[in-house]
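Heads up: the structure comes next, in structure tokens.
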4 protein chains.
Amino acid sequence: MDSRATRAGRQPFHWQTAIGYKTRDKIVVRGYDLNALAGNVSFPEMAYLVWRGELPPAPHGRMLDAILVSMAEHAFSPSSAASRLVTSGGVPLHVGVAGGLLALGSLHGTADRPAALFKDAAARMKRENLTPDEIGRRVAGEARRAGQRLPGFHHPQHIRDPRTARLLELSDAWEISGAHVAVARAIEAATEEFWGRRIYLNGPGAVGAICADMGFDSELIKGIFLLSRTVSLVAHTYEEAHRERGWRGSEHTPVVQPLDLSLQGPEFYDGPPDRTLPRDRRGGGE
Amino acid sequence: MDSRATRAGRQPFHWQTAIGYKTRDKIVVRGYDLNALAGNVSFPEMAYLVWRGELPPAPHGRMLDAILVSMAEHAFSPSSAASRLVTSGGVPLHVGVAGGLLALGSLHGTADRPAALFKDAAARMKRENLTPDEIGRRVAGEARRAGQRLPGFHHPQHIRDPRTARLLELSDAWEISGAHVAVARAIEAATEEFWGRRIYLNGPGAVGAICADMGFDSELIKGIFLLSRTVSLVAHTYEEAHRERGWRGSEHTPVVQPLDLSLQGPEFYDGPPDRTLPRDRRGGGE
Amino acid sequence: MDSRATRAGRQPFHWQTAIGYKTRDKIVVRGYDLNALAGNVSFPEMAYLVWRGELPPAPHGRMLDAILVSMAEHAFSPSSAASRLVTSGGVPLHVGVAGGLLALGSLHGTADRPAALFKDAAARMKRENLTPDEIGRRVAGEARRAGQRLPGFHHPQHIRDPRTARLLELSDAWEISGAHVAVARAIEAATEEFWGRRIYLNGPGAVGAICADMGFDSELIKGIFLLSRTVSLVAHTYEEAHRERGWRGSEHTPVVQPLDLSLQGPEFYDGPPDRTLPRDRRGGGE
Amino acid sequence: MDSRATRAGRQPFHWQTAIGYKTRDKIVVRGYDLNALAGNVSFPEMAYLVWRGELPPAPHGRMLDAILVSMAEHAFSPSSAASRLVTSGGVPLHVGVAGGLLALGSLHGTADRPAALFKDAAARMKRENLTPDEIGRRVAGEARRAGQRLPGFHHPQHIRDPRTARLLELSDAWEISGAHVAVARAIEAATEEFWGRRIYLNGPGAVGAICADMGFDSELIKGIFLLSRTVSLVAHTYEEAHRERGWRGSEHTPVVQPLDLSLQGPEFYDGPPDRTLPRDRRGGGE
């Protein structure tokens, strides 16, 4: 190494990081001893710290927690189906999970894209001194005239995504909703004028708006989705490995992989029947 | 499809799942409406529910939370380095994260393997009516004589992994520690006799023992590690993408990727200086 | 670096490799200048050289070429379906290809497993001084009694895999077939006695036997399959990206992904009609 | 399924493909029986057929063969290093290979990007009725003024990539070089005027120009690179698994992963010494 350093006249490359470091005796994350964090901060707060460098304000930690819960499972989709197909080839758990993650591209799990839209719109609202309604009408109208979809709006399976109302309710209750949520709502309202029917803000759209109000960079909003959906991919990979036979489909057991919503309903579900949360669980976030 | 169904004389394959289902109007996970969960259960509790079908007892939820925090970041390792190298090739965030996840194989992030060891040992302890000390001495002695490593013991970088004591402290305080933690401790104690020095239970080993006492299947313990470490992989991928130049290493900027512990110490860290948790954060788990 | 080297008393780790090296002026692979190889050796010969360190005898190069062609495309399977699902999430080409590769685990594309079986059997035949027929009957009989499948035998979709006869024909013509092919044939013949019907050697089984006769390590036989099938995964990823709409399946366009053989027949194929090779292409290998 | 089809009023989604199909008795690829292809067409010709639907003219088949050889191995890079790091975590061969493939993003293995540049330039040359020299000066001058790099030019490790001359020599000899190669050469020549020194066409740049002259879509040119480099990734994954110890780096064996060119030279290579091709191999392509 000496000769090399001499030859090049400078130190070899090393990664420089602001995330953390470890020594023989401790692990330090963003300045905090890891052992002081474990047991004292929640896992969502830990993610916030690792990603952004500071612990979140308490309402932001709770909101991030609720978002991670809300996006954690959505039955069959390209990612869970990819995890299952990869798993059917005979692989360890972590490979099935990674296979599913690969599907979370620019068309799947895209809370980052509506966040970018709402950030642009909120900045323009401020710059041009507009009201939310005014910017909402401009954004919706311009998209309609250009024949473009609005990222974060419409859900082909739900039409009106049930997750949206719940997330916005929490965001309002915890006083997180700000300019980005306002813009998102205004765009939704304005769709009626330009499409002739309401195009609803979907779950990832709500996540994008709320996380923008929490100051998240758009790429890290994608990271939130990846972390959340990893829960689902572990479950689908595990279930596939334990319940299905692996890849030896035969003439006698046709293998048609159903991604159709109509094949994902209660008739193909055999888990616990519908039930309500224990009383002591309810109301925490309401 | 009619003709096909007729031809084959049976229904086409579809995945049957116990995880959840969705309809136009709701998303149901293990029987619960997703909207009732968001805001009312923590993300670790949600993972427990999605994976195991039931919400955890409160101490188990808190313990899982602490474990997820404790394994979430460990500076440079094959997985974070793989994420960074993949990212240097010019890929979206989710691809860098998946690239790192692929490295979490049988030699990296292996809380599942010590869990399997402790489960075998605890079952044998019961079957043969032994005390923890007796089974600990048998397991350690047999491994030593066979020239085998004990999964979950020793950490090459820390020697005595700092995470272990903290995790066991919480597990004891929350009355989770049972037969598997007892066996793990007994094996550690017995190493002194057979190796001539103490071989310490490491962090993943502690996770394996505690999760076994919480009734987790070994494969799902791997899932816990995958979920936890996804936090780190998002951070390293994001930092690499924003801080490094991508793959155009040149003669003039030698690229030596440092995985040596000595290159991971404070001298290459430029995040916040060491600091303590705000007072109102401390004591929660202690 | 000086202080570090001093502190540790030894050189930092570096990968040592026997595959090749590069300098400012040349790229050397297994001792050969890359530019002397390009245009003078075929791509299958290059793969053989990179993997095994020497150029193959000419018949081995041709046989490897034929094997790579024979395994390059097999319509829908877990790997091509995984590539398509990953692609439907909106990712670059190389990510779709990698997603499909992940599915090529221990149950898919497994020429390495029959190779291991034939190597064990051939070694035992020699050790115990048996004829191929004798070892074939022992292997088949033992598997049947133990209730085990024989890796490399039976194809659920073809029953009698059409690729097998062609590959063995070439292997015989080019005088490659040796002890491993003999054992594979003998095991197939013996299945009639123990199963009451012939269980045919399948395509990957033939690949395993022939490659074992060419002296390939079993793991590299898996490498052959990975290289070959990459052709298919590029094609399916590319077709999916250009032909399908991406992940926005709707109520109005049900998405059922068909892996059933009956959905892979001519009625869902719209490429060129069946045709024969130009005359000047025929006979090369026959 | 009947009820579902009825409910929706149309057939369920299925993938429609022009690549091939299989029945119980045969496998058909782009209209040809797979068995007629094996032994009669080369693997590069097969890739061409699977990707583009037709067998290539003979010189195109040979050129594609030479390109696949030329890009098959390039010592350490983000992709081979990622394969090795993933492998060090303890995974099967195909997972190490896929991990390396993930790194082949927009900054690594990018013959597709220069191809796009040359296609644009060639189209403009024709449209504006320019000579190659004229379009070369315009493209180089515009890039220089805009402060942009030219994709396919300059190689940080080689400066003048040794592969370029060999590939262009073959492309000329086989009369493949056309407008795109002419444009690539003209741009290179024009760099002297605008940068004050010659910026050389690199290997992937040459591949891009030649493949454009063979009529390849840019994305499929990326596919060529992926197929070629899979050879390398299998070799590095295999060598890592058999030669290194896996992820248990210790205080006593510092792990510095060297990607510096100076650590990739002959002093860290222990394969066969430099040698020349056997006489009967030489001249084939020269």
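No experiment lies behind these values; they were computed from the predicted model shown. Chain naming here is simple, since letters A, B, ... match the order of the sequence lines and numbering starts at 1 in each.
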At what distance, to the nearest 0.5 angstrom, does OG of D/Ser77 lie from NZ of C/Lys22? 6.0 Å
Nearest 0.5 Å, what's the CG-CG distance between D/Leu102 and C/Leu101? 9.5 Å
Looking only at heavy atoms, what is the nearest atom pair of [X] and [Y], with distance?
{"X": "C/Tyr238", "Y": "D/Glu219", "value": "CE1-CB, 3.8 Å"}
{"X": "D/Ala38", "Y": "C/Ser70", "value": "CB-CB, 4.2 Å"}
{"X": "D/Val41", "Y": "C/Asp65", "value": "O-OD1, 4.3 Å"}
{"X": "D/Leu170", "Y": "C/Gly39", "value": "CD1-CA, 3.9 Å"}
{"X": "C/Arg166", "Y": "D/Asn40", "value": "NH2-ND2, 3.6 Å"}
{"X": "C/Ile27", "Y": "D/Arg163", "value": "CD1-CD, 3.6 Å"}

Hey, which of [options] has the most heavy atom pairs under 4.5 Å with chain D?
{"options": "C/Ile224, C/Asp112, C/Asp217", "value": "C/Asp217"}
{"options": "C/Met71, C/His242, C/Arg160", "value": "C/His242"}
{"options": "C/Gly100, C/Gly99, C/Ser228, C/Ser232", "value": "C/Ser228"}
{"options": "C/Ala66, C/Ala241, C/Ala235", "value": "C/Ala235"}
{"options": "C/Ala165, C/Ala103, C/Ser106, C/Gly105", "value": "C/Gly105"}

Could you tell me which portion of C/Ala72 (side chain, backbone, both or neither) has an atom closer than 4.5 angstrom to a non-hydrogen atom of chain D? side chain
Name the region of C/His155, side chain, backbone, both or neither, that has any atom closer than 4.5 Å to a heavy atom of chain D. neither
With heavy-atom distances below 4.5 Å as the criterion, would you say the side chains of [X] and [Y] are in contact?
{"X": "C/Pro162", "Y": "D/Leu34", "answer": "no"}
{"X": "C/Leu227", "Y": "D/Val234", "answer": "no"}
{"X": "D/Leu64", "Y": "C/Phe43", "answer": "no"}

Flag the one option from D/Val50, D/Thr230, D/Leu104 with the top tally of heavy-atom pairs under 4.5 Å to chain C. D/Leu104
Could you have a look at D/Arg84, D/His236, D/Met63, D/Glu73 and say which one has the most heavy-atom pairs with chain C under 4.5 angstrom? D/Arg84
For D/Pro92, which atoms come within 4.5 Å of any heavy atom of chain C: side chain, backbone, both, or neither? neither
Atom group of D/Leu49 that falls short of 4.5 Å from chain C, counting heavy atoms: side chain
Is the backbone of D/Asp25 close enough, under 3.5 Å, to the side chain of C/His158 for a donor and an acceptor to pair up by distance? no
Any donor-acceptor pair under 3.5 Å from D/Glu239 side chain to C/Ala18 backbone: yes
Can you confirm whether more than 12 heavy atoms, excluding those of C/Arg52, are under 6.0 Å from its CZ atom? yes
